[in-house]
Colleague: 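Structure incoming, see below.
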Amino acid sequence: MATDNDALLAPIIANLAARYPAQERATIESYAQQAYQELSVSADAGTDAYLPVLIENAVRDRLAH
């Protein structure tokens with residue numbers, strides 16, 4: 001079953017999977033879900049537009065370390 005955030009996360013996950021081919025896709029998906037949950041709680045109408053960028057940066061930081 002698809003969730004509401006699938007459309008938001010799918011391109012982020014695809015981009016990061018291509019950028020980090022050595023990482024398991026499941027790990028990237030998990031990190032993206034976690035970042036979405038953490039960041040969407042504090043997002044409001046003014047920051048919603050930046051949510052994809054914030055999620056991708058958060059996941060990229062975790063994958064790089």
Side-chain angles (χ1 to χ4, degrees):
M1 175 169 48
T3 61
D4 293 339
N5 61 353
D6 283 347
L8 174 74
L9 295 180
I12 296 169
I13 292 167
N15 183 37
L16 291 169
R19 186 174 199 164
Y20 297 95
Q23 290 290 333
E24 291 188 27
R25 189 175 182 94
T27 300
I28 295 170
E29 290 172 356
S30 175
Y31 289 173
Q33 286 288 344
Q34 291 171 9
Y36 174 81
Q37 291 172 354
E38 293 169 5
L39 294 167
S40 65
V41 170
S42 61
D44 59 27
T47 59
D48 278 351
Y50 300 104
L51 196 53
V53 173
L54 295 172
I55 292 170
E56 186 164 350
N57 287 343
V59 175
R60 196 171 349 136
D61 286 348
R62 286 186 74 181
L63 292 172
H65 290 54

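We number each residue from 1, following the sequence as shown.
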Colleague: Please give me the minimum heavy-atom distance between A32 and I55, naming the atom from each residue.
Modeller: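 Nearest pair, atom of A32 first, then I55: O-CG2, 4.1 Å.
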Colleague: Please tabulate, for the side chains in residues 20-30, all donor-acceptor contacts under 3.5 angstrom to protein atoms that are two or more places apart in sequence or on a different chain.
Modeller:
unit_1, atom_1, unit_2, atom_2, d
R25, NE, E29, OE2, 3.4
S30, OG, Q34, NE2, 3.4

Colleague: When rounded to the nearest 0.5 angstrom, what distance separates CD in E56 from CG in L16?
Modeller: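 Between atom CD of E56 and atom CG of L16 there are 4.5 Å.
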Colleague: Under a 3.5 Å threshold, yes or no: a donor from one side chain and an acceptor from the other, between N5 and Q37?
Modeller: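 Note: N5 and Q37 side chains miss the donor-acceptor criterion.
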Colleague: Do you know the tightest heavy-atom contact between I12 and P52?
Modeller: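 For I12 versus P52, the nearest heavy atoms are CD1-O, 3.6 Å.
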Colleague: Can you list everything that forms a side-chain contact (heavy atoms from CB on, under 4.5 Å) with P11? Sequence neighbours excluded, please.
Modeller: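 None.
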Colleague: Determine the minimum heavy-atom distance between Y36 and L51, stating which atoms define it.
Modeller: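 Shortest heavy-atom separation between Y36 and L51 comes out as CE1-CD2, 4.1 Å.
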